[in-house]
Every structure is written in C-alpha cells, then in structure tokens.
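Residue numbers begin at 1 in each chain, while the letters A, B, ... track the order of the sequences. Heavy-atom basis, side chains included; hydrogens, waters and symmetry copies ignored.
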Amino acid sequence: KQEVTQIPAALSVPEGENLVLNCSFTDSAIYNLQWFRQDPGKGLTSLLLIQSSQREQTSGRLNASLDKSSGRSTLYIAASQPGDSATYLCAVEGGLNTNAGKSTFGDGTTLTVKP
Amino acid sequence: SAVISQKPSRDICQRGTSLTIQCQVDSQVTMMFWYRQQPGQSLTLIATANQGSEATYESGFVIDKFPISRPNLTFSTLTVSNMSPEDSSIYLCSVGLTGAGEQYFGPGTRLTVT
C-alpha cells in the first residue's frame with residue numbers, strides 16, 4: 001500500500017524568503033506525482049504535475065522535482081508572498097497494489113507567509 | 001483540462017438523514033473519484049465511479065453507506081446515508097486521465113451533521 005509523507009507539517013516564513021516543501025512516498029512504481037494547493041474551506045488547485053519519466057516541472061515561482069528511485073519530491077517556492085499562504089498537498093498516482101488513476105495524498109504542509 | 005462543479009456547496013443535516021452530492025464535469029471522462037476530507041486531515045479516497053459498472057470502494061467504505069451512481073461520462077452522485085456527526089467532512093469529486101493524466105478536483109461539498 002502506497003504511503004505518502006509530507007514534511008514539515010507547518011511552516012512559517014517572512015515574505016520574500018525561498019522555501020522547500022518535502023514529500024516522500026514508499027512505492028516507486030508510480031505513474032505521476034502532483035502538487036496541489038488548498039485554501040481554507042476550499043477545493044484543490046493543481047499546481048504542478050510530474051510524470052514518472054520526468055525529473056522536474058516549473059511554473060512561475062514554483063519548481064517541483066521528482067526522484068522516483070528514492071521516493072522523494074520537493075516543491076520549491078521562490079520569493080514567497082503572503083498570497084502563497086495555504087496548505088500544500090502532494091499526491092502520488094499509482095504504486096504497489098494501487099491501480100492507475102487512484103491517488104494517495106500526504107497530510108499536507110500548511111504554509112504561512114508573513115508580510 | 002476539466003472543469004468540475006459540485007452541488008450543494010455546503011449543507012447542514014440532521015443525524016439519521018441522507019444527502020446526495022452531485023458532480024458534473026464539462027467533458028467526458030472514464031474515471032471519477034470521490035474523496036472525503038475530515039476536519040484537519042488530508043484526503044481519503046472513498047470509491048472509484050466507472051460508467052457502466054459498479055463503483056469500486058476502498059477499504060473502510062461500503063456501498064450501503066455511500067451509494068454511488070454514474071449514469072453517464074460527465075455526471076456522478078455520492079449519497080451519504082444515515083448520517084452521523086462523524087460524517088461531517090468535505091466531500092470532493094475528482095476526475096483524471098488513466099495513467100499519465102492530471103487530476104482535477106471539484107470545489108467540494110462541506111457537510112455538517114448535527
């Protein structure tokens with residue numbers, strides 16, 4: 001059974017700082033890994049999708065990397081802004097005994113960026 | 001991409017009643033998923049809804065409690081039956097392409113059971 005862990009659980013930084021969120025997973029036989037953002041009481045917004053054959057994806061100030069062999073991904077946020085404050089979720093599709101299309105989520109990292 | 005809408009956006013229900021949540025997608029998709037997010041926790045998959053076949057439930061979830069319909073490739077419903085306060089959660093519908101696709105989520109339905 002795939003398990004996903006996110007560290008840290010919470011992070012507070014001053015505005016302008018660069019930061020890294022971590023995600024690890026137990027089974028490397030994945031199809032892809034996706035990072036989401038969730039604002040309080042809201043649904044999920046997709047940030048970046050990394051296919052299993054890719055090493056990284058970039059969108060604006062966000063960069064996500066994937067090291068499938070070690071079961072790790074990082075989400076790098078450059079020049080953080082108060083509007084980046086949210087919970088960031090890592091989701092892995094696939095893994096041992098997990099069918100395609102089914103994702104396993106980590107518990108998330110709650111980020112607070114202070115003005 | 002896919003745009004997903006859910007109804008209702010939120011509801012407050014009494015113990016013992018049932019609520020049906022609707023999920024509508026703006027394009028035809030093979031697989032639809034229903035997740036639950038309990039307060040302060042991450043998402044847990046309830047079931048996979050495939051058009052033309054019975055839904056597949058994850059461990060800990062049963063059809064009698066969470067019946068699902070999937071009448072066509074753009075629509076699905078999830079019913080939360082005989083509700084108790086422990087069912088208070090956000091219920092999210094999602095769709096994805098098999099294998100290598102991006103997963104998209106609806107805005108969620110916030111359910112409070114009193």
Side-chain angles (χ1 to χ4, degrees), chain A residues 1-10 21 23-25 29-54 57 59 62 64 66 68 86-95 97-110, chain B residues 1-10 21 23 25 29-51 53 55-61 70 88-112:
Chain A
K1 178 184 173 185
Q2 180 74 270
E3 294 181 2
V4 180
T5 303
Q6 290 187 244
I7 295 174
L21 308 181
C23 173
S24 62
F25 47 95
I30 64 171
Y31 292 101
N32 60 58
L33 183 145
Q34 197 166 352
W35 283 93
F36 293 90
R37 168 186 174 138
Q38 185 175 33
D39 293 288
K42 304 292 185 181
L44 276 66
T45 301
S46 177
L47 297 174
L48 289 165
L49 171 72
I50 311 178
Q51 306 290 356
S52 61
S53 59
Q54 298 175 324
Q57 283 288 326
S59 175
L62 305 179
L66 174 64
K68 204 172 69 165
T87 296
Y88 291 80
L89 294 164
C90 167
V92 173
E93 180 186 348
N97 297 324
T98 305
N99 295 331
K102 294 171 61 173
S103 291
T104 304
F105 281 79
D107 289 338
T109 294
T110 298
Chain B
S1 66
V3 178
I4 305 170
S5 60
Q6 285 185 235
K7 291 182 181 179
S9 59
R10 59 177 60 224
I21 302 169
C23 177
V25 188
V29 294
T30 303
M31 303 173 79
M32 296 179 75
F33 306 92
W34 286 98
Y35 287 84
R36 180 176 74 181
Q37 186 176 30
Q38 293 178 302
Q41 298 188 24
S42 190
L43 279 73
T44 302
L45 182 63
I46 298 172
T48 303
N50 299 311
Q51 196 271 336
S53 64
T56 304
Y57 290 83
E58 297 300 305
S59 175
F61 298 96
R70 183 79 198 273
S88 297
S89 297
I90 298 175
Y91 291 85
L92 297 124
C93 167
S94 80
V95 303
L97 301 179
T98 302
E102 190 165 0
Q103 195 166 7
Y104 301 94
F105 280 81
T109 296
R110 180 181 290 273
L111 171 62
T112 302

Student: Examine distances only and state if a side-chain atom of B:Ser42 and a backbone atom of A:Gly106 form a donor-acceptor pair shorter than 3.5 Å.
Tutor: yes
Student: Look at atom NZ of A:Lys42 and say whether more than 12 heavy atoms of other residues, nucleotides or ligands are closer to it than 6.0 Å.
Tutor: no
Student: Please confirm whether the backbone N or O of A:Gln34 pairs with a side-chain atom of B:Gln103, one donor and one acceptor, at under 3.5 Å?
Tutor: no
Student: Below 4.5 Å from any heavy atom of chain A, which atoms of B:Leu43 appear? Answer side chain, backbone, both or neither.
Tutor: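 For B:Leu43, backbone and side chain are both near chain A.
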Student: Provide the closest heavy-atom pair for B:Arg110 versus A:Gly41 in the form atom of the first, atom of the second, distance.
Tutor: NH2-CA, 2.7 Å
Student: Hey, what do you get for CD (B:Glu102) to CZ (A:Phe36), rounding to the nearest 0.5 Å?
Tutor: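 Result: 7.0 Å between the selected atoms.
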Student: Taking every heavy-atom pair that is under 4.5 Å apart, which of B:Arg10, B:Glu58, B:Gln41 has the most such pairs with chain A?
Tutor: B:Glu58
Student: Which atoms of A:Leu89 are under 4.5 Å from chain B, going by heavy atoms: the side chain, the backbone, both sets, or neither?
Tutor: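 It is the side chain, since no backbone atom gets that close.
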Student: Counting only heavy atoms closer than 4.5 Å, note whether A:Gln38 contacts chain B via side chain, backbone, both or neither.
Tutor: side chain
Student: Sort B:Gln6 into side chain, backbone, both or neither according to what part of it lies under 4.5 angstrom from a heavy atom of chain A.
Tutor: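 B:Gln6 has no heavy atom closer than 4.5 Å to chain A.
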Student: Starting at CG of A:Leu44, measure out to CD of B:Gln37 and round the result to the nearest 0.5 Å.
Tutor: 6.5 Å
